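Note that the structure is predicted; figures quoted are calculated from it, not measured.
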Amino acid sequence: MAAAAPPATPAAPHLRGVQPLRAGQGHSYFWRKLHSLSGIVPIGAFLIEHIISNFEAINGPLAYAKQVLFLNSLPMVRILEWAFIFIPLAFHAGYGVFIWLRGRSNVNVYPWAGNRMYLMQRVTGLIALAYIVQHVWRQRFSGVSLPEHPGAAFAKVQHELHNPWMLAIYIVAMIATCWHFSYGVWLFAAKWGITPGDKARKKFGYVCAVAGSALCLMGLISIYAFVGPKYQNAPADVMPEQPAGIALPAPSPVPPNSTNPSQPGEVQ
């Protein structure tokens with residue numbers, strides 16, 4: 001008579017971590033799938049749109065202001081903003097931190113490429129989260145309100161980037177965010193069965209690397225447009241006329257002086 005199989009030995013506490021995606025095992029499968037999907041739609045789609053919109057900065061303050069005006073003139077823009085940006089971003093970031101806290105990095109024991117990429121995904125995610133929180137607060141909810149005053153958008157960003165520390169933060173965050181997104185797309189395709197097999201994943205990895213590098217380059221060029229010599233000391237408001245439905249303040253007659261924040265017209 002065959003002996004009964006011994007019960008499975010539970011994993012040692014130091015080996016426990018985030019379990020792989022398996023259907024039918026509690027609610028974590030659903031939440032992790034939703035976390036993976038939210039990183040692509042809508043957050044990834046918004047990231048692409050945001051970088052493309054900011055790329056208008058290379059065409060000058062007026063072109064950038066018109067892009068800000070267009071985005072804030074969309075129907076039900078505040079509902080769209082919360083439903084497709086803030087709430088999904090809060091969930092994706094919160095659950096990502098939860099996964100990070102449950103996991104345990106063992107890259108020092110197993111220095112494989114997959115382990116390094118997993119660690120980098122966690123680190124770049126935390127960098128992106130810290131940057132996004134301060135960026136949304138400073139550009140969306142403090143100082144000049146850009147939805148009501150789109151003509152002040154270029155000057156507001158330019159004034160912030162005059163601080164070399166903020167400029168360094170923007171550059172590091174741009175690289176980290178684009179890396180996080182491009183590798184996240186690769187993980188999404190692998191986890192959802194879009195790229196079955198090592199060969200397909202390797203080829204798609206090149207695609208993600210090129211696309212992520214292109215987005216990052218566009219973002220860095222946009223940053224340079226704000227701090228470069230071409231559009232130095234942008235006026236506080238480049239749209240003195242009043243677009244339909246949006247009240248704009250009268251422009252300052254004196255352009256701001258980046259070296260003296262007390263000058264009239266400076267965007268604080």
Original post:
Between L89 and I43, what is the shortest heavy-atom contact and its length?
Top reply: CA-CD1, 3.6 Å
Original post:
If you count the non-hydrogen atoms of other residues, nucleotides and ligands that lie under 6.0 Å from CZ in F86, is the total more than 12?
Top reply: yes
**OP:** Please report the shortest heavy-atom distance between L71 and V77, naming the atom on each side.
**Re:** O-CG2, 3.4 Å
Original post:
Any chain of hydrophobic side-chain contacts (each under 4.5 Å) joining I85 to L80?
Top reply: no
Original post:
Any idea which heavy atoms bring A155 and P235 closest together, and the distance?
Top reply: CB-O, 3.4 Å
Original post:
What's the verdict on side-chain contact (heavy atoms from CB on, under 4.5 Å) for I48 and F181, showing C-alpha distance, side-chain angles and the deciding distance?
Top reply: CA-CA 10 Å; I48 295 173; F181 172 65; 4.1 Å; yes
Original post:
Can you tell me how far CG of L69 sits from CE of M239, rounded to the nearest 0.5 angstrom?
Top reply: 4.5 Å
**OP:** Carefully, step by step, assess I175 and T124 under the rule side-chain contact (heavy atoms from CB on, under 4.5 Å).
**Re:** CA-CA 9 Å; I175 296 172; T124 54; over 6 Å; no
Original post:
Does C178 reach the side chain of I51, with side-chain heavy atoms less than 4.5 Å apart?
Top reply: yes
Original post:
Do you know the tightest heavy-atom contact between G212 and S182?
Top reply: CA-CB, 3.8 Å
**OP:** Starting at OH of Y131, measure out to CD1 of I169 and round the result to the nearest 0.5 Å.
**Re:** 9.5 Å
**OP:** Look at R140 together with E81 and state whether they make a salt bridge at an N to O cut-off of under 4.0 Å.
**Re:** yes
**OP:** Measure the shortest side-chain to side-chain distance between V97 and L126 over non-hydrogen atoms and say whether it is less than 4.5 angstrom.
**Re:** yes
Original post:
Between S36 and W192, which heavy-atom pair has the shortest distance, and what is it?
Top reply: OG-NE1, 3.1 Å
Original post:
Given the rule that I, L, V, M, F, W and Y join up when any side-chain heavy atoms are under 4.5 Å apart, are M117 and V210 in one cluster?
Top reply: no
Original post:
M174 and I171: side-chain contact (heavy atoms from CB on, under 4.5 Å), yes or no, with the steps?
Top reply: CA-CA 5 Å; M174 179 60 64; I171 293 173; 5.9 Å; no
Original post:
Does F70 belong to the same Ile/Leu/Val/Met/Phe/Trp/Tyr cluster as V238, with side-chain heavy atoms less than 4.5 Å apart forming each link?
Top reply: no
**OP:** Working to the nearest 0.5 Å, report the span between CG of L167 and CG of L161.
**Re:** 6.0 Å
**OP:** Check whether any side-chain N or O of Q121 sits under 3.5 Å from a backbone N or O of H180 as a donor-acceptor pair, and report yes or no.
**Re:** yes
Subject >> F141 atom CZ, over 12 foreign heavy atoms within 6.0 Å >> reply: yes
Subject >> Distance, nearest 0.5 Å, that separates CG of L146 from CD of Q139 >> reply: 6.0 Å
**OP:** Heavy atoms only: give me the nearest L129-A93 pair and the separation to one decimal.
**Re:** CD1-CB, 3.6 Å
**OP:** Please lay out, stage by stage, how N72 and R78 fare under the test side-chain contact (heavy atoms from CB on, under 4.5 Å).
**Re:** CA-CA 8 Å; N72 284 281; R78 299 296 158 247; 2.8 Å; yes
Original post:
Does H92 offer a backbone N or O that forms a donor-acceptor pair with the side chain of H35 under 3.5 Å?
Top reply: yes
**OP:** Without swapping roles, check the side chain of R201 against the backbone of T195 for a donor-acceptor pair under 3.5 Å.
**Re:** yes
**OP:** May I ask you to decide if the ring planes of W186 and Y183 are parallel, tilted or perpendicular, using 30° and 60° as cut-offs?
**Re:** parallel
**OP:** Could you tell me the separation between the CG atom of L37 and the CZ atom of R32, rounded to the nearest 0.5 Å?
**Re:** 14.5 Å
Subject >> Flag, side chain of K156 to backbone of R138, donor-acceptor distance under 3.5 Å >> reply: yes
Original post:
Do the ring centers of F226 and F154 come within less than 6.0 Å of each other?
Top reply: yes
**OP:** Would you verify whether the NZ or CZ of R116 falls within 45 degrees of the ring axis of Y118 while also being under 6.0 Å from that six-membered ring's centre?
**Re:** no
Original post:
So with a 6.0 Å cut-off around CZ of F84, is the heavy-atom count from everything else above 12?
Top reply: no
Original post:
So do the side chains of K199 and F204 get within less than 4.5 Å of each other, counting heavy atoms only?
Top reply: no
Original post:
Which pairs pass salt bridge (Lys or Arg N to Asp or Glu O under 4.0 Å) with one or both residues in residues 211-225, sequence neighbours excluded?
Top reply: none
Original post:
Are any side-chain N or O atoms of Y224 and backbone N or O atoms of G219, one a donor and one an acceptor, separated by less than 3.5 Å?
Top reply: no
**OP:** Please list all pairs passing the side-chain hydrogen bond (donor to acceptor under 3.5 Å, both in side chains) test where one or both residues lie in residues 164-174, with sequence neighbours left out.
**Re:** H135-Y170, E160-Y170
Original post:
Got a second to check how far R122's CZ is from W100's CH2, nearest 0.5 Å?
Top reply: 10.5 Å
**OP:** Pick out which of I52, N54, N59 makes a side-chain contact (heavy atoms from CB on, under 4.5 Å) with E56.
**Re:** N59
Subject >> Whether F91 and W31 hold their rings parallel, tilted or perpendicular, with breakpoints at 30° and 60° >> reply: tilted
